[in-house]
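Remarks on the structure that follows.
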Amino acid sequence: MSFAEFSSRLGFVLDEYQVDACQRLEEGSGVLVAAPTGAGKTVVGEFAVHLAHQHGTKCFYTTPIKALSNQKFHDLGQVYGSDNVGLLTGDQVVNSEADIAVMTTEVLRNMIYAGSPTLRGLEFVVMDEVHYLSDPFRGPVWEEVILGLDPGVTIVALSATVSNVEEFGAWLMKVRGDVATVVSERRPVPLYQHVFAGKRLVDLFEGIEPTAGGDLTAKVNPELARMATTETKVMRDDSRRLRGKTGRGKKGSQAQLGGAHGRWAERSHLVPRRGSVVMELDRLDMLPAIYFIFSRQGCDQAVSRLVDDGVWLTRASEQAELQDIADRHVGGLSLDDLDALRYGSWLEAFTRGIAAHHAGLLPMFKMAVEEAFSLGLVKVVFATETLALGINMPARTVVLDKLVKYNGSSHADITAGEYTQLTGRAGRRGIDVEGHAVVTWQAGLDPRGLAGLASRRTYPLRSAFTPTYNMSVNLIGSMGLAKATQILQDSFAQFHSEFAGGKPRSQTLVAKFESICLVLESLGYVEPEVSDPGTPSPRTDQTSETSETSKTSETSETSETSGPSETSGKSGATGTSGTGGKTGTGGTGRATGLLRLTDAGRMLSRLYGVHDLLIAEAIQAGIFAPLTVPALAATLSTLVYETRIADRRVIPRMPDRSSAQAAEALRKTWRHLCLVERDHRLESSPPLDYGFAQSAYSWASGASLGEIVDLTGLAAGDFVRWVRQCVDCAGQIADATRGTPLAKTCHDLVRAMRRGVVDVDMDEE
């Protein structure tokens, strides 16, 4: 009666795919559920929680980001009681031994490597937003979890609609056993496609009704085709006229290009003002809307322009509610901090029902926007594409400012998969009877090309799995060399190559792993252990002395990416490899039998990030040891910071002599590692970046937020994020060097930097 009891309390009728997936779970099968955004996939994950609660077992609900973990922790606490639900995100540990626990994927990965006792009694693991597996930075963690979990644990994988879902499901079946694939192409709310041209909304398709699966098959609206043809003719005529007046190759004046009163203006009236778009959507009762603009500056400018134009989208009662939400989220900030953050300007737009949402905003501001938008109080959010990933903010309408975005190196057309992800938020289940996707007219818009984006559902899932130094020592330490190699061969990357009939990528992965093992051995992080091939090697999966959650509590300063806890006996980090055979010798034929971690290797197992090996080398070389807290903060910032192109104003320098000397020693160590990696055909880690050093030094020295903002010009959200990265790095080093003076300095650094807006925001998330 578990399913009947569960479904009866939901208050709505489940879709067929939800019923199917839940019944598969009740029958004992794992499930992969792929469905459009807003289709209610999380119901299946919540049923797994219900089953575990009924069985008296454990269910871990994993999410890719802390904000989602907090959201799910709150939701489950309301159902099962706050005392029965735990939260583990690295920064926060609440009810760590609860049978129902919400956590980031990194925390679960660390538990697996550590052999944490918290894993005992675990029946279900829900992996929400499992399509994050494609993420080049965090995706490998998902595969580490899937491949590393005990075979008796049932996987519940929840994914956006991907074009190769059957392939992914087949891989899960291969590596996890009985896993059923349940797919729904049906959007719970039909989606209509439009183009905003001039001052009005034009349907993209002629006489179109969305199909059950959301695909659009009718022909393009001929009115749009005529607009595009006319625009092309005007552009051609202008070009000919310009060549005739200025001569080929000469630059024309504004007047010669058409200016404000020429034929160019006659054509450009099709490109709408953002304020006009918002006001027309309001008139048509199509708000709330998410208005995607692919730049932070563009989002902020759009908000300012609407305020300057006198746009109000809220009633007096809504303004009072918005003021209450804002007061609650910024309650921990001082008046000086609020002044430095230009809170008054933000609040004015917020109470008008207008807001921005991007990585440059403080998390507390973003969370206030998310809460108010979900309540229908904020009517329009100008957002970058990061909002499309994970956060539960459905809208009645989604507007795309352009179909081109900067991908980090160049401007490129958005893909059909990106278009689907962005527009998928339109249409709120249980609130809207229909959703709307709107693309604003831009010069050169091709309606037929847009129709192709709107009608295709191509969002392939690709593996980002690749061995790193930290992953390698953890795999060797927790399961042995042979099983570590098998993990690589069992990866989704390898399976995809076989499925597609291509060259197996695992050959590359195994070769890279062997090269990494050679580097680790040459630097003293692993060592061979010769044993009789006929003698079974000791097991390495014994229970660790200290659980992952206890470790996280002990070093609460560490973040979600902190490493596994210290273990004892033949436990995770100190164990030897599983079977005899060649080590990572690159095929030289030198049989060394087994590999085991050295003390340095155990230290490296607790250091996560792109510079894991460099930090380990720096610790052993004593580079960090003599530094004061501010100098250490500046030095660690060079290992975590990445300057945005927009922030490259001056050549940065280290703030004092000791940090400059430490940075130079780090640079020399990095160059040495680059040579070693080159010799083993490994890609080198990125160079050090001094761009945040002065800010980190000043903040650790006690400077105010206003002083930092004036000094650097950094966006407040960026400043908080990079301080948190420094705090995270220091926490990892403290964990890896327990009982040493360096560990104490790192703890002092965490206390010095976790203050004011940084501390408030860490609590917010």
Contacts of Glu144 meeting salt bridge (charged side-chain N to carboxylate O under 4.0 Å, His left out) (sequence neighbours excluded), chain-then-number -> Arg109
Return each pair, listed once, that meets salt bridge (charged side-chain N to carboxylate O under 4.0 Å, His left out) where at least one residue sits in residues 349-358; pairs must be two or more places apart or across chains.
Glu348-Arg352
Flag side-chain contact, heavy atom, 4.5 Å: Met127 against Val145
yes
One thing to verify: whether Asp612 and Arg606 come together as a salt bridge, which I'm taking to mean a side-chain N less than 4.0 angstrom from a carboxylate O.
no
Could you please spell out the steps behind the side chain to side chain contact (heavy atoms under 4.5 Å, CB included) verdict for Leu520 and Tyr469?
CA-CA 8 Å; Leu520 292 172; Tyr469 294 112; 3.8 Å; yes
Can you list everything that forms a side chain to side chain donor-acceptor pair (under 3.5 Å) with Asp128? Sequence neighbours excluded, please.
Tyr61
Partner set under ring-ring contact (aromatic ring centres under 6.0 Å, His included) for Tyr525, not counting sequence neighbours
none
For Leu675, I'd like to know if atom CG has over 12 heavy atoms of other residues, nucleotides or ligands within 6.0 Å.
yes
Do Leu614 and Leu688 make a side-chain contact, defined as non-hydrogen atoms from C-beta onward lying under 4.5 Å apart?
yes
Contacts of Thr62 meeting side chain to side chain donor-acceptor pair (under 3.5 Å) (sequence neighbours excluded), chain-then-number -> none
How would you list, by chain and number, every residue that makes a side chain to side chain contact (heavy atoms under 4.5 Å, CB included) with Arg305, sequence neighbours excluded?
Arg273, Asp309
Between side-chain atoms of residues 698-708 and protein atoms elsewhere (two or more places apart, or another chain), which donor-acceptor pairs fall under 3.5 Å?
{"from": "Ser698", "atom 1": "OG", "to": "Gln694", "atom 2": "O", "distance (Å)": "2.9"}
{"from": "Ser698", "atom 1": "OG", "to": "Gln694", "atom 2": "NE2", "distance (Å)": "3.1"}
{"from": "Trp699", "atom 1": "NE1", "to": "Met753", "atom 2": "O", "distance (Å)": "2.9"}
{"from": "Ser701", "atom 1": "OG", "to": "Tyr697", "atom 2": "O", "distance (Å)": "2.7"}
{"from": "Ser704", "atom 1": "OG", "to": "Glu707", "atom 2": "N", "distance (Å)": "3.2"}
{"from": "Ser704", "atom 1": "OG", "to": "Glu707", "atom 2": "OE1", "distance (Å)": "3.3"}
{"from": "Glu707", "atom 1": "OE1", "to": "Ser704", "atom 2": "N", "distance (Å)": "2.8"}

Scan side-chain atoms only and decide if Gln323 and Asp327 contain a donor-acceptor pair under the 3.5 Å cut-off.
yes
Tell me every residue that passes side chain to side chain contact (heavy atoms under 4.5 Å, CB included) with Ala665, counting only those two or more places apart in sequence or in another chain.
Ile623
Is there a side-chain contact between Gln725 and Tyr641, using heavy atoms and a 4.5 Å cut-off?
no
Residues forming a salt bridge (charged side-chain N to carboxylate O under 4.0 Å, His left out) with Glu664, sequence neighbours excluded:
Arg667
The criterion is side chain to side chain donor-acceptor pair (under 3.5 Å); which residues satisfy it with Ser659, sequence neighbours excluded?
Asp656
Could you list the residues that satisfy side chain to side chain contact (heavy atoms under 4.5 Å, CB included) with Ala693, not counting sequence neighbours?
Ala634, Ser637, Met654, Pro655
Any side-chain heavy atom of Glu106 within less than 4.5 Å of one from Arg138?
yes
Residues in ring-ring contact (aromatic ring centres under 6.0 Å, His included) with Tyr343, at least two apart?
Trp346
Indicate yes or no: at least one non-hydrogen side-chain atom of Arg296 is less than 4.5 angstrom from one of Asp718.
yes
Can you establish whether the number of heavy atoms outside Arg755 located under 6.0 Å from its atom CZ is more than 12?
yes
Regarding Asp748 and Arg751, does a basic nitrogen lie under 4.0 Å from an acidic carboxylate oxygen?
yes
